Participant: 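This structure is in C-alpha cells; I'll ask about it shortly.
Counting starts at 1 for both ligands and their atoms, in listed order. Values in this document were obtained by computation on a predicted structure and should not be read as measured data.
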Amino acid sequence: MKILVPVKRVVDYNVKVRVKSDGTGVDIANVKMSMNPFDEIAIEEAVRLKEAGIATEVVAVSCGLAACQETLRAAMAIGADRGILVETDVELQPLAVAKLLKALCGKEAPQVVICGKQAIDDDSNQTGQMLAALMGWPQATFASKLVIADGAATVTREIDGGLETLEIKLPAVVTTDLRLNEPRYATLPNIMKAKKKPLETVKPADLGVDVAPRLATLKVVEPAKRSAGVRVADVAQLVDKLKNEAKVI
Ligand code: AMP
C-alpha cells in the first residue's frame, strides 16, 4: 500500500510575521521557513504505518518554489522513501494544489493521502477536502487516531463534546490533527541518507494543471492593538466598572 503525503513549506511557527506596509500580504523575505507542523505529523504517521508493515512506500509531495526541495528532504529524513516536487513560482491556492495532487494520485495510485488539516500560513483547511471531492474518495478530517486494516481506515476525530469514529473505504484522504502523534526528530544519519533518496521534479504543465490563482487578496491588516488593562481594588469595583464603564452586565 502506497501513501502519499503532501508537505507544504511555510513560515516557521516560531516566526512572528509582519504585514507589509502596502497591505498586500505578509513579509516573508529572510524569515525561517519549515515544514507545516501538521504535515510533519502526517509524514510521521505514514512512516509508522510503513514500520508496522501496513504501508510499503511513503511518497512526499511538495508544490511551490524550488526551495521546497528542503521540505521534501526533511520529510525523507523522517522516513519518506522519495519526494516529488511540483515546481512553480505561481502563488498556489488550495484548489490549485488539490488539482496537482489529483493528477499525482492518477499517476501514483496511492491508497491513502494523508494531508495536514491546515497550513499554518493561509489557515485555509481546504486542500484535503477539495482533493477528496475531486477524486470522489471518502475523507476523514482532523484525525487524532488512524488504524488501517482490510482495505479501510478507522479514524477517530476530536469533535465538540467528545470523539467521533468513522470507518472509510480506501482509497481515501485523511487529514491530521495535533494529537495524532508526536513526530520524531530526524537523526543526523537519516538526514544524510535523505540526501541520496530520489527526488523527482515536475511542472504543473506536465500534469496538465492550470494553477493560476482564482482568488484575489484585497488587503491584509494587522489585528487591532489591545489597549492596556487596569487593576481593580476589589470585586465591588470590578462589578461597578463592568456595569457602568464597559456596560456588559
Ligand atoms: P490548506 O488547505 O492550505 O490549509 O492546507 C492543508 C494541507 O494541504 C497542508 O497541511 C498540506 O498537507 C497540503 N498542502 C497545502 N498546500 C500545499 C503545497 N503547496 N504543497 C504541498 N502540500 C500542500
Side-chain angles (χ1 to χ4, degrees), residues 3-13 17 25-26 28 33-47 58-76 78 80 82-105 107-108 110 112-135 137 139-144 146 155 157 172-181 183 199-204 206-207 209-215 217 220:
I3 303 181
L4 199 78
V5 184
V7 292
K8 186 174 187 186
R9 179 175 181 265
V10 296
V11 173
D12 187 88
Y13 70 98
V17 288
V26 293
I28 57 164
M33 306 292 284
S34 299
M35 189 190 306
N36 183 43
F38 293 108
D39 304 350
E40 252 182 87
I41 295 172
I43 283 284
E44 174 67 36
E45 194 66 18
V47 171
V58 177
V59 183
V61 179
S62 195
C63 311
L65 303 174
C68 296
Q69 285 182 22
E70 286 164 25
T71 317
L72 289 169
R73 293 287 173 209
M76 291 189 267
I78 296 173
R82 59 189 169 92
I84 303 174
L85 167 65
V86 184
E87 192 184 343
T88 174
D89 294 345
V90 176
E91 195 186 318
L92 296 173
Q93 293 176 346
L95 182 59
V97 177
K99 286 179 182 170
L100 293 170
L101 294 175
K102 179 188 178 207
L104 286 174
C105 284
K107 275 177 74 172
E108 295 283 339
V112 189
V113 177
I114 309 181
C115 292
K117 76 165 176 183
Q118 75 195 70
I120 62 164
D121 52 359
D122 59 21
D123 270 347
S124 295
N125 176 14
Q126 294 175 343
T127 309
Q129 294 89 328
M130 285 176 166
L131 173 64
L134 291 175
M135 297 300 294
W137 287 359
Q139 59 177 293
T141 54
F142 300 12
S144 59
L146 171 62
V155 178
R157 317 176 60 233
V173 177
V174 175
T175 76
T176 62
D177 210 339
L178 209 55
R179 271 168 287 273
L180 182 59
N181 62 50
L199 197 164
E200 178 193 353
T201 301
V202 295
K203 303 272 183 193
D206 303 334
L207 300 172
V209 177
D210 170 13
V211 291
R214 301 290 199 273
L215 306 170
T217 302
V220 179

Participant: Apply the test side-chain contact (heavy atoms from CB on, under 4.5 Å) to residues V11 and M33: give CA-CA distance (whole Å), side-chain angles for both, the deciding distance (0.1 Å), then the verdict.
Facilitator: CA-CA 4 Å; V11 173; M33 306 292 284; 3.9 Å; yes

Participant: Just wondering, do L199 and M76 contact through their side chains at under 4.5 Å, heavy atoms?
Facilitator: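 SC-SC contact between M76 and L199 confirmed.
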
Participant: Quick test: of every protein heavy atom, which one is nearest to atom 10 (O) of ligand 1, and how far off is it to 0.1 Å?
Facilitator: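 The protein heavy atom lying closest is D39 OD1, 2.5 Å.
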
Participant: For side-chain contact (heavy atoms from CB on, under 4.5 Å), just list the numbers for E108 and I84, CA-CA rounded to whole Å, side-chain angles, deciding distance to a tenth of an Å, and then say yes or no.
Facilitator: CA-CA 11 Å; E108 295 283 339; I84 303 174; 3.5 Å; yes

Participant: Any chance you could lay out the side-chain contact (heavy atoms from CB on, under 4.5 Å) test for L92 and V86, step after step, and finish with the verdict?
Facilitator: CA-CA 11 Å; L92 296 173; V86 184; over 6 Å; no

Participant: Closest approach of V47 and I78, non-hydrogen atoms and distance?
Facilitator: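 Where V47 meets I78 most closely, the heavy atoms are CG1-O, 3.8 Å.
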
Participant: Taking only heavy atoms of D122, which atoms of ligand 1 are found under 4.0 Å from at least one of them?
Facilitator: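 Listed by number with element, the hits are 1 (P), 3 (O), 4 (O).
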
Participant: I want to check something: taking the side chain as every heavy atom from C-beta on, are L146 and I114 in contact at a cut-off of under 4.5 Å?
Facilitator: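 A side-chain contact exists here, since the closest heavy-atom pair is under 4.5 Å.
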
Participant: Give the residue, atom name and distance (to 0.1 Å) of the protein heavy atom nearest atom 21 (C) of ligand 1.
Facilitator: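 Result for atom 21 (C) of ligand 1: V7 O, 3.2 Å.
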
Participant: Quick test: of every protein heavy atom, which one is nearest to atom 13 (C) of ligand 1, and how far off is it to 0.1 Å?
Facilitator: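 Sorting protein heavy atoms by distance from atom 13 (C) of ligand 1 puts P6 CB, 4.0 Å first.
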
Participant: Should L92 be counted as touching ligand 1, given the test is an N or O pair under 3.5 Å?
Facilitator: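 So ligand 1 has no N or O lying under 3.5 Å from an N or O of L92.
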
Participant: Which residue owns the protein heavy atom closest to atom 16 (N) of ligand 1, what's the atom, and how far is it?
Facilitator: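 Ranked first by proximity to atom 16 (N) of ligand 1 is K8 CD, 3.4 Å.
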
Participant: What atoms in ligand 1 come closer than 4.0 Å to a heavy atom of N36?
Facilitator: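 With N36 as reference, the close atoms of ligand 1 come out as 9 (C), 10 (O).
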
Participant: So, does R214 use its side chain to make a donor-acceptor pair with the main chain of A212 at under 3.5 Å?
Facilitator: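 Between the backbone of A212 and the side chain of R214 there is a qualifying donor-acceptor contact (under 3.5 Å).
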
Participant: Numbering the atoms of ligand 1 from 1, which are under 4.0 Å from a heavy atom of N125?
Facilitator: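 Under 4.0 Å from N125, ligand 1 has these atoms: 1 (P), 2 (O), 4 (O).
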
Participant: May I ask you to list the atoms of ligand 1 that are less than 4.0 angstrom from any heavy atom of C115?
Facilitator: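 That gives atoms 12 (O) of ligand 1.
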
Participant: Only one of D39, D122, T127 clears side chain to side chain donor-acceptor pair (under 3.5 Å) with K8; which?
Facilitator: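 Option passing the side chain to side chain donor-acceptor pair (under 3.5 Å) with K8: D122.
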
Participant: Which of the atoms of ligand 1 are close to V61, meaning less than 4.0 Å from one of its heavy atoms?
Facilitator: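 Result: 21 (C).
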
Participant: Which atom names give the shortest non-hydrogen contact between T175 and G128, and what distance separates them?
Facilitator: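 That closest heavy-atom pairing would be CG2-CA, 4.2 Å.
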
Participant: Where is the nearest protein heavy atom to atom 7 (C) of ligand 1: which residue, which atom, and how far?
Facilitator: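 In this structure, atom 7 (C) of ligand 1 has G116 O, 3.3 Å as its nearest protein heavy atom.
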
Participant: Students should be able to answer this: which protein heavy-atom is nearest to atom 8 (O) of ligand 1, and at what distance?
Facilitator: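 Of the protein heavy atoms, T127 CB, 3.3 Å lies nearest.
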
Participant: Among all protein non-hydrogen atoms, which one is nearest to atom 19 (N) of ligand 1, and what is the separation to 0.1 Å?
Facilitator: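 Ranking protein heavy atoms by distance from atom 19 (N) of ligand 1, first comes C63 O, 2.8 Å.
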
